[in-house]
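I have placed the structure first, in the form of structure tokens, so that the comments after it can refer back to it.
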Amino acid sequence: MSVSTWPDFSHLSISTPELVNVLRQMDQQVKWAQKMKAPDSFRNPGLWCDFHRNHGHKTEDCVALRIEVNELLQKGHLREFLSEKGKNHLNKEVRAKSAGVILTSPPRQDRVIHVISGGSEISGVSHASAKKSTRNTNHGLETTTPKRLLLGTDEISFTSKEQEKILAPHHDALVISLTVANCLVKRILVDNGSSSNIIFETAYQDLGLEESALTRKFLVVDSQSAYNIILGRPWIHDMGAVPSTLHQMVKFPTPWGIRIIKGDQENSRSCYQTTLKGKTKVL
């Protein structure tokens with residue numbers, strides 16, 4: 001769903017303003033960020049980004065800048081400004097890519113969400129594509145291998161003890177928070193009844209992502225919603241995740257064992273009340 005926005009600027013021996021000046025001297029070798037798409041009313045006028053040359057967020061918080069620096073590092077540029085720790089990290093990353101293996105350390109939280117307004121990756125959203133997928137299933141023709149094999153051999157299960165810290169009895173939906181593009185995004189609904197992953201346009205604009213960050217993973221929906229993002233079956237299956245509304249958590253396998261994301265019942269109930277009232281709030 002996302003890619004790392006390494007490097008953290010602490011890996012560089014120069015300040016962020018100095019980094020931007022170096023990029024300006026590199027001229028056409030740098031792919032400068034496009035104009036921010038979010039309307040002025042959605043952007044903080046008190047925060048300035050030298051990379052975008054516009055207000056909305058701080059330069060040191062700019063995801064597009066980190067992505068571009070990463071691209072330049074991969075091409076051999078800017079390496080003279082890396083700290084020893086940064087050089088070691090880059091060397092490990094290059095060796096891992098050349099060997100086709102995953103790094104053996106947990107992923108960073110600095111992430112970019114990749115979305116596009118399009119259909120399901122498997123069966124699409126059109127009647128014809130859905131009908132074809134159903135016909136193939138009936139005749140045993142769905143023979144493609146899974147995109148993501150479950151990691152490890154640990155079984156995913158839930159215990160009664162895990163219910164002790166939740167408000168019960170309840171009928172709450174599973175609403176979680178995730179770090180997306182350096183932002184803590186709340187009101188994310190995990191919904192195994194949804195055939196698509198959805199991000200609502202206002203949330204996408206608030207993240208300050210460029211159109212170049214779009215890829216075929218999510219539907220972008222321009223409408224009001226109590227939620228910022230809905231994670232449906234494509235995300236659940238790709239993650240190998242097992243959500244439980246009863247236990248208010250979702251578990252998924254990683255190279256470092258089973259990980260847990262806990263639900264937020266307060267936000268879940270707030271979303272429900274917002275839906276009943278028929279209006280949304282920007283959080």
For the pair S83 and S13, evaluate side-chain contact (heavy atoms from CB on, under 4.5 Å) and give the outcome as yes or no after the intermediate values.
CA-CA 6 Å; S83 64; S13 60; 5.7 Å; no

Side-chain heavy atoms under 4.5 angstrom apart, residues restricted to Ile, Leu, Val, Met, Phe, Trp, Tyr: same cluster for L189 and V221?
yes

Side chains of N70 and Q74: is there a donor and an acceptor less than 3.5 Å apart?
yes

Please identify each residue that fulfils salt bridge (charged side-chain N to carboxylate O under 4.0 Å, His left out) with E80, with sequence neighbours left out.
none

Begin with the C-alpha distance, continue with both residues' side-chain angles, and end with the deciding distance and a verdict on side-chain contact (heavy atoms from CB on, under 4.5 Å) for M249 and I261.
CA-CA 6 Å; M249 62 178 62; I261 303 174; over 6 Å; no

Sort out for me which residue in K186, Q265, R187 forms a side chain to side chain donor-acceptor pair (under 3.5 Å) with S270.
R187

Quick one: are I229 and I198 in side-chain contact, heavy atoms under 4.5 Å?
no

Any idea how H57 and H52 line up, ring-wise: parallel (<30°), tilted (30 to 60°), or perpendicular (>60°)?
perpendicular

Which atom pair, heavy atoms only, marks the closest approach of P253 to G240?
CD-O, 3.2 Å

Are K262 and I176 close enough that some pair of their side-chain heavy atoms sits under 4.5 Å apart?
no

Is atom CZ of F81 surrounded by more than 12 heavy atoms (other residues, nucleotides or ligands) closer than 6.0 Å?
yes

Are side-chain heavy atoms of F200 and I230 found at a separation under 4.5 Å?
yes

Decide yes or no for L174 and Q248: does some side-chain heavy atom of the first lie under 4.5 Å from some side-chain heavy atom of the second?
yes

Rounded distance (nearest 0.5 Å) linking atom CG of N267 with atom CG of N228
9.5 Å

Pairs satisfying salt bridge (Lys or Arg N to Asp or Glu O under 4.0 Å), at least one member in residues 156-172, at least two apart:
E162-K251, D172-R269

Looking only at heavy atoms, which two atoms of V180 and L207 are closest? And how far apart?
O-CD2, 3.5 Å

Measure across S194 and P234 and return the closest heavy-atom pair with its distance rounded to 0.1 Å.
O-CD, 4.2 Å

Please determine whether residues V69 and W32 belong to a single hydrophobic cluster, defined as Ile, Leu, Val, Met, Phe, Trp and Tyr linked transitively by side-chain heavy-atom distances below 4.5 Å.
yes

Can you confirm whether M239 sits close enough to V250 that some side-chain heavy atom of one is under 4.5 Å from a side-chain heavy atom of the other?
no

Side-chain heavy atoms under 4.5 angstrom apart, residues restricted to Ile, Leu, Val, Met, Phe, Trp, Tyr: same cluster for L178 and I199?
yes

So does C271 get a backbone contact from the side chain of T275, meaning a donor-acceptor N/O pair under 3.5 Å?
yes

So if you build clusters from Ile, Leu, Val, Met, Phe, Trp, Tyr with side-chain heavy-atom gaps below 4.5 Å, do I188 and I166 land together?
no

side-chain contact (heavy atoms from CB on, under 4.5 Å) with T16: which residues, sequence neighbours excluded?
F9, T59, E60, L65

Is the charged tip of R53 near the ring of W48: under 6.0 Å from the six-membered ring centre and within 45° of its axis?
no

Would you indicate whether the side-chain heavy atoms of T254 and I258 approach each other to under 4.5 Å?
no

With rounding to the nearest 0.5 angstrom, report the CG to CG distance, L231 to N192.
11.5 Å

Are the side chains of Y227 and V175 in touch, meaning some heavy atoms are under 4.5 Å apart?
yes

Measuring only between side-chain heavy atoms, which start at C-beta, is F252 closer than 4.5 Å to I260?
no

Would you sort out whether L82 and L73 count as a side-chain contact (heavy atoms from CB on, under 4.5 Å), showing the intermediate values?
CA-CA 9 Å; L82 278 175; L73 286 170; 3.9 Å; yes

Could you give the distance from CG (N54) to CG (L47), rounded to the nearest 0.5 Å?
11.5 Å

Rounded to the nearest 0.5 Å, how far does CG of N21 lie from CE of M26?
13.0 Å

About how many Å separate CD of E68 and NZ of K31, when rounded to the nearest 0.5 Å?
7.5 Å

What's the shortest heavy-atom distance between A241 and W235, and which atoms?
CB-CZ3, 4.5 Å

May I ask whether V30 and L12 are part of the same hydrophobic cluster, defined by side-chain heavy atoms of I, L, V, M, F, W, Y residues being less than 4.5 angstrom apart, directly or through others?
yes

Atom CD1 of I14 and atom CG of L78: how far apart are they, to the nearest 0.5 Å?
7.0 Å

From CA spacing to verdict: side-chain contact (heavy atoms from CB on, under 4.5 Å), N44, H55
CA-CA 7 Å; N44 189 334; H55 64 268; over 6 Å; no

Provide the closest heavy-atom pair for S177 versus L184 in the form atom of the first, atom of the second, distance.
CB-CD1, 4.0 Å

